[in-house]
Novice: 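Just passing along the structure, written as structure tokens.
Per chain, numbering begins at 1; letters A, B, ... match sequence-line order. Scope of the values below: all heavy atoms of this structure, side chains included, with no hydrogens, waters or symmetry mates.
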Amino acid sequence: MSRKGVLILAYFGLLIATVYSVTPLVFTVFNSLKTHQEWMRNPLGLPANWRFDNYLQAFVEGKFYVFMRNSFIYTGIGVPILCIFSLIAAYALNRINSRLSSILLSIFLLGLGIPPTLYFVPLAMELDAMNLIDTHVGVLLSYIAANVSFSVFFMSAYLAGFPKELEDSARVDGCSTLGVIRHIIIPLCKPALVSLAVLLFVFIWNDLLIGLAVTRSEVARPIMAGFAYFYGIKGRVDIPLISAGAILSALPALLLYITFHRSYIQGLITGLKG
Amino acid sequence: MRKARSTFLPLLFSLPLLIVYVPFQLVPIIGTILFSFVKPGGKLEFVFFDHINKLVSDTVIIKALSNNFIWIIFSMFVPVIIGLVAASLIGFIPKGRSIFRFLIFFPVPVAYAVIGAMWSPIYHPYFGLINSVLRSTGLINRPIIFLSPDLAIWSLLVVNIWGYYPLTTIIFLASLQKIPSELYESARVDGANVLQTFLHITLPLLKPAISFLLILIMLQSVGVFDLIWIMTRGGPGHATEVLGTWAYQQAFLFFDYGYACTISLLIAIVTLPVAIYMLVIRRGM
């Protein structure tokens, strides 16, 4: 086969992959703009006119405004805490070589890759015993804890890769440890911090199991758990409404991906491969 | 003074995370092991063998284990193969790389809960995309019930692959970009065709990425919950039950926390050999 033929085949293959990737999203957007009757008449085509009633209904009656607000609270507080403190911890553990450092690092890495499926029941029992079940504080603590290992691992992988000379010269100039972190490490780590922040936002936003396990009512329920209940009730009866809910739930993470897709992909590569 | 400070600095700087991480992740992990053996509460009551008895006589466990197994195998190999092909194609084409990359990766930040909801209308027996297309082309007379007991687990796997292959593509693309272009040049000078180049240059250099991905996917597949919970809740019957969904129902439907922990422990035991293997590999790399 000629090189040109191979090239045409390659583009064709990629076109199929693109269609496979994008079709469900596009259909969901189309469906979300229809009424239920319109969907049954015309399940595949474009909506006759753009109605956003389903979005409004999901947002208000479906209580998505509560779930989304909750998830914005968890990501808004959890992501900065994880970013800042994992940087500080990873910095100390990487730069000070002692027995204590290596013990602490191993403790941090114990939780790496452990899915919530392995511990959600005792977590719920514990929060119950502490009267933190179904509270914002309880959910927030669960989300921070679930992402500590990954954050510390991510920051140490990044920090291990760059030279100490700059810090040393800053120290000679009389900078304290916190000063070094503030004036040298944080600026140098900015790209890694952006990647980590985007990844953590998506992890926390997209979590389902922890959200289901540690909430009992709508008060503190995060978005995906809220969506799961909504889907359980409306999933079989009103596809357009569910589609609007799906788009609403996915939108913040999607927008973040569209804005930061380079950082996001770079972060995934660093985070996955170390 | 300085010495003492730097000795405890790692602890001091780790403390803010430790006070959240230890009680709300490490302790619950220990709890999973503990409550598989003893009853929660004040009195020490050894219930491990009760749980084992229940586990052995629980027919759903067999179904869940076999579903987990199917899930692991297909989630491991299919996305890796598709990702390998997609990444090679993206690396191969001279123009339009970034747009294809952007579009193909679109599912990556979408939550599995949402992915499940997006695919349900596609699988719908009467109004779904696949059935409509197949019917209008005359390939079928009767709708295919994708979420029937026989087909459901496979239908869910297709969705899982949809969500997963962009990720494998990303990793492969990153590894491909590290391969020096001189290698390809010299292969072309030697008269190697596209397939030969792929088999003898690309594939061997991607080997670390492949084995890494297989292990990563395996670890994540053992604990699968979100997608199955949204799409079928482990049903119809228990046709799509996996250990994760069964543990969840034991805990929050039947309120048998101890037994739920035992199932979680079973997940951990299934994962353990791979986790250890991965640690060894990591150290070697």
Novice: Is the side chain of A:Asn206 donor-acceptor paired with the backbone N or O of B:Pro109 at a distance under 3.5 Å, no angle test?
Specialist: yes
Novice: Who among A:Phe203, A:Tyr91, A:Tyr231 has the most heavy-atom pairs with chain B under 4.5 Å?
Specialist: A:Tyr231
Novice: Please classify the contact between A:Phe85 and chain B as side chain, backbone, both or neither, with a heavy-atom cut-off of under 4.5 Å.
Specialist: both
Novice: Out of B:Phe100, B:Trp162, B:Phe252, return the one with the most heavy atom pairs under 4.5 angstrom to chain A.
Specialist: B:Trp162
Novice: Write down the atom of B:Ala247, the atom of A:Phe120, and the distance for their closest heavy-atom approach.
Specialist: C-CZ, 4.0 Å
Novice: Under 4.5 Å heavy-atom distance to chain A, tell me which part of B:Ile122 shows up: side chain, backbone, both or neither.
Specialist: side chain
Novice: What part of B:Tyr257 gets closer than 4.5 Å to chain A, counting heavy atoms only: side chain, backbone, both or neither?
Specialist: both
Novice: Would the distance check show the side chain of B:Thr32 and the main-chain N or O of A:Leu118 forming a donor-acceptor pair, the cut-off being under 3.5 Å?
Specialist: yes
Novice: Does the pair A:Met224 and B:Tyr112 meet the rule for a side chain to side chain contact (heavy atoms under 4.5 Å, CB included), with working shown?
Specialist: CA-CA 9 Å; A:Met224 290 308 157; B:Tyr112 269 103; over 6 Å; no
Novice: With a 4.5 angstrom heavy-atom cut-off, which part of B:Ile99 approaches chain A: side chain, backbone, both or neither?
Specialist: neither
Novice: State the CD-OG distance between B:Gln25 and A:Ser142, to the nearest 0.5 angstrom.
Specialist: 10.0 Å
Novice: Sort B:Phe106 into side chain, backbone, both or neither according to what part of it lies under 4.5 angstrom from a heavy atom of chain A.
Specialist: both
Novice: For B:Ile90, which atoms come within 4.5 Å of any heavy atom of chain A: side chain, backbone, both, or neither?
Specialist: both
Novice: Less than 4.5 Å to any heavy atom of chain A: does that hold for the side chain of B:Ala268, its backbone, both, or neither?
Specialist: both
Novice: Determine whether A:Ser21 and B:Phe105 satisfy the following criterion, side chain to side chain contact (heavy atoms under 4.5 Å, CB included), listing intermediate values before the conclusion.
Specialist: CA-CA 7 Å; A:Ser21 270; B:Phe105 296 164; over 6 Å; no
Novice: B:Val108 versus chain A, heavy atoms under 4.5 Å apart: side chain, backbone, both or neither?
Specialist: both
Novice: Nearest 0.5 Å, what's the OH-OG distance between A:Tyr119 and B:Ser264?
Specialist: 11.0 Å
Novice: For A:Phe108 and B:Leu17, which heavy atoms make the closest approach, and how far apart are they?
Specialist: CE2-CB, 3.9 Å
Novice: Chain B heavy atoms under 4.5 Å from A:Val152: which part of the residue, side chain, backbone, both or neither?
Specialist: side chain
Novice: Looking at A:Gly13, A:Ser86, A:Ala124, A:Ala89, which has the largest count of heavy-atom pairs under 4.5 Å with chain B?
Specialist: A:Ala89
Novice: Are B:Val110 and A:Leu25 close enough, and set up right, to give a side chain to side chain contact (heavy atoms under 4.5 Å, CB included), and what steps lead you there?
Specialist: CA-CA 10 Å; B:Val110 181; A:Leu25 287 154; 4.3 Å; yes
Novice: Just verifying a value: how many Å separate A:Ile144 CD1 and B:Phe24 CZ, rounded to the nearest 0.5 Å?
Specialist: 10.0 Å
Novice: Give, for atom CG of B:Leu11 and atom CG of A:Leu93, the distance between the pair rounded to the nearest 0.5 Å.
Specialist: 9.5 Å
Novice: Considering all heavy atoms of both residues, which atom of A:Tyr11 and which atom of B:Lys95 are nearest to each other, and what is their separation?
Specialist: OH-O, 2.7 Å
Novice: When you compare the side chain of A:Tyr257 with that of B:Phe102, does any pair of heavy atoms fall below 4.5 Å?
Specialist: yes
Novice: How long is the span from the CD1 atom in A:Ile88 to the CZ atom in B:Phe13, to the nearest 0.5 Å?
Specialist: 6.5 Å
Novice: Taking side chain as everything from C-beta outward and backbone as N, CA, C, O, which of these in B:Trp119 sits under 4.5 Å from a heavy atom of chain A? Side chain, backbone, both or neither.
Specialist: side chain
Novice: If every non-hydrogen atom of A:Pro115 is compared with every non-hydrogen atom of B:Gly223, which pair is closest and at what distance?
Specialist: CG-CA, 4.3 Å
Novice: Of the non-hydrogen atoms in A:Ser101 and B:Pro10, which two are nearest, and what is the gap between them?
Specialist: OG-CG, 3.3 Å
Novice: Taking C-beta and beyond as the side chain, do A:Leu104 and B:Leu18 meet within less than 4.5 Å on heavy atoms?
Specialist: yes
Novice: Can you give me the closest heavy-atom contact between B:Val114 and A:Phe227, atom names plus distance?
Specialist: CA-CE2, 4.1 Å
Novice: Compare all side-chain heavy atoms of B:Leu129 with those of A:Thr23 and state whether any distance is below 4.5 angstrom.
Specialist: yes
Novice: Using heavy-atom distances under 4.5 Å, tell me whether A:Ile114 contacts chain B through its side chain, its backbone, both, or neither.
Specialist: both
Novice: Looking only at heavy atoms and a cut-off of under 4.5 Å, which of A:Ser249, A:Ala213, A:Gly232 has the most pairs with chain B?
Specialist: A:Ala213
Novice: Measuring from B:Ser14:OG to A:Leu105:CG, what's the distance to the nearest 0.5 Å?
Specialist: 8.5 Å
Novice: A:Leu212 vs B:Trp229, test: side chain to side chain contact (heavy atoms under 4.5 Å, CB included). Steps then yes/no.
Specialist: CA-CA 11 Å; A:Leu212 286 176; B:Trp229 186 251; 3.7 Å; yes
Novice: Using a 3.5 Å distance criterion without hydrogens, assess whether the side chain of B:Tyr21 forms a donor-acceptor pair with backbone atoms of A:Gly111.
Specialist: yes
Novice: Under a 4.5 Å heavy-atom cutoff, which of A:Leu141, A:Ile239, A:Ile258 has the most pairs with chain B?
Specialist: A:Leu141
Novice: By a 4.5 Å heavy-atom criterion (distance strictly below it), what part of A:Thr28 contacts chain B: side chain, backbone, both, or neither?
Specialist: side chain
Novice: Are the side chain of A:Thr117 and the backbone N or O of B:Val224 linked by a donor-acceptor pair below 3.5 Å?
Specialist: no
Novice: Run the ring-centre check on A:Tyr20 versus B:Tyr165 and record whether the distance is less than 6.0 Å.
Specialist: yes
Novice: Let's test your reading of the structure: which of A:Leu256, A:Ile107, A:Asn94 forms the most heavy-atom pairs below 4.5 Å with chain B?
Specialist: A:Ile107
Novice: Where on B:Ile267 is there a heavy atom nearer than 4.5 Å to chain A: the side chain, the backbone, both, or neither?
Specialist: both
Novice: Heavy-atom distances under 4.5 Å only: say whether B:Val158 touches chain A with side chain, backbone, both or neither.
Specialist: both
Novice: Just give me the residue among A:Ile81, A:Val202, A:Leu123 that pairs up with chain B most often, heavy atom to heavy atom, under 4.5 Å.
Specialist: A:Leu123
